[in-house]
Amino acid sequence: MTWWDELVSNRVVQEMLPEATVETLLMVAVSSLLTLVLGLPLGVFLYSTSAGGTTPSRPVNAVVGLVANVVRSLPFLVLMIALLPFTRFVVGTTLQWEAAVVPLTVGAIPFYARLAETAFRDVPDGKIEAARVMGAGQTSITVHVLLREALPALVSSFTVTVIALLGYSAMAGVIGAGGLGALAISYGYQRFDTAVMTVCVVLLAALVILIQLLGDRLARAFDHR
């Protein structure tokens, strides 16, 4: 029997791999959407209140930035464990992929916000000043100048964030979150099933490559320079 026949005939691969793959995709998709919805406004806020931003406020920026840095500094495994009570409060359980969405989102929001803040800093000051001279308000500057000019960088940053979430989702398997990570740990590592470990690694690598390709294509499509 060849290694391919052994892989195809593996009971765990046949019965559990499809469900684990769907759980990973759901974890990453939901947490990515929440990260975008909550992290992008936070990035705008961090940029706007910074020293070189559109509405500088050093005390506010320092407090919000400190909170973001503290969350970013925590290893994801520690963050998951620390958020178990909050996770149970939000989704009613600390198991399955739904529970993993909470720490994944909490960990990714400040990560993406800082990347978005960096993207906004690369927007030329001249374009912001030109919008001000033309009478544009804060909202108009944010939507029509900052977001528009930084869009390719924001897409690239979001791609990096989604890939990071995919890696975090594999670690979430340690606390029973399901997905490919849980399958690789429970069967590939603890039961020394090489076939399961191999297929989980290959699938995760394929997902990373696919996400990066899609992100790069979207970033180029939005870049009109």
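The figures here come from the full heavy-atom set of this structure, side chains too, leaving out hydrogens, waters and symmetry mates.
Pairs engaging residues 202-214 under the side-chain hydrogen bond (donor to acceptor under 3.5 Å, both in side chains) rule: Gln212-Asp216 [sequence neighbours left out]. Counting only residues at least two apart or in different chains, salt bridge (Lys or Arg N to Asp or Glu O under 4.0 Å) contacts with residues 65-75 are absent. Applying the ring-ring contact (aromatic ring centres under 6.0 Å, His included) test to residues at least two apart or on different chains, none of the pairs has a partner in residues 195-217. Here ring-ring contact (aromatic ring centres under 6.0 Å, His included) pairs that include residues 48-72, with residues two or more places apart or in two chains, number zero. Screening residues 25-37 for side-chain hydrogen bond (donor to acceptor under 3.5 Å, both in side chains) gives no qualifying pairs among residues at least two apart or on separate chains.
By the side-chain contact (heavy atoms from CB on, under 4.5 Å) test, Leu203 is found to be paired with Leu17, Thr21, Leu180, residues two or more places apart in sequence or in another chain being considered. Here Phe76 pairs with Tyr168 under the ring pair (Phe, Tyr, Trp, His ring centres under 6.0 Å) rule; sequence neighbours left out. For the side-chain contact (heavy atoms from CB on, under 4.5 Å) test, residues two or more places apart in sequence or in another chain that qualify with Ser57 are Thr49, Pro59, Val60. With sequence neighbours left out, Ser156 forms a side-chain hydrogen bond (donor to acceptor under 3.5 Å, both in side chains) with no residue at all. For Val201, the side-chain contact (heavy atoms from CB on, under 4.5 Å) partners at least two apart in sequence or on another chain are Met197. Residues passing the side-chain hydrogen bond (donor to acceptor under 3.5 Å, both in side chains) test with Glu117, sequence neighbours excluded: Arg114, Arg121.
One hydrophobic cluster, built from ILVMFWY side chains closer than 4.5 Å, cannot hold both Leu207 and Val160; they sit in different ones. In the hydrophobic cluster analysis, where Ile, Leu, Val, Met, Phe, Trp and Tyr join through side-chain heavy atoms closer than 4.5 angstrom, Val162 is grouped apart from Leu115. Ile109 and Met80 fall into different hydrophobic clusters, where Ile, Leu, Val, Met, Phe, Trp and Tyr residues are linked whenever their side-chain heavy atoms come under 4.5 Å apart, directly or through other members.
Between Ala68 and Pro110, the closest heavy-atom pair is O-CB, 3.6 Å. The nearest pair of heavy atoms linking Ala219 to Val155 is N-CG1, 3.7 Å. Closest heavy-atom contact between Gly43 and Ala116: CA-CB, 4.2 Å. Residue Leu204 comes nearest to Leu166 through the heavy atom pair O-CD2, 3.8 Å, listed as atom of the first residue, atom of the second, then distance. Nearest heavy-atom pair across Thr87 and Ala99 is CG2-O, 3.3 Å.
The shortest side-chain heavy-atom distance between Val91 and Val101 does not fall under the 4.5 Å cut-off. Counting heavy atoms from C-beta outward, Leu33 and Val37 have side chains that approach closer than 4.5 Å. By the 4.5 Å heavy-atom criterion applied to side chains, Val30 and Leu104 are not counted as neighbours. Counting heavy atoms from C-beta outward, Leu154 and Tyr112 have side chains that approach closer than 4.5 Å. Side-chain contact between Phe120 and Leu46 is absent, with no heavy atoms from C-beta onward closer than 4.5 Å.
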CA sep, side-chain torsions, deciding dist, call: Thr161, Leu36, side-chain contact (heavy atoms from CB on, under 4.5 Å): CA-CA 9 Å; Thr161 304; Leu36 180 62; over 6 Å; no
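Residue Val78 shares its hydrophobic cluster (ILVMFWY side chains chained together at separations under 4.5 Å) with no other residue.
Within the model, atoms CD1 of Ile209 and CG of Leu213 stand 7.5 Å from one another, a figure rounded to the nearest 0.5 Å. For the atom pair CD (Glu23) and CD (Glu19), the distance works out to 4.5 Å, reported to the nearest 0.5 Å.
Ser73 places a side-chain N or O within 3.5 Å of a backbone atom of Val70 that can act as its donor or acceptor partner.
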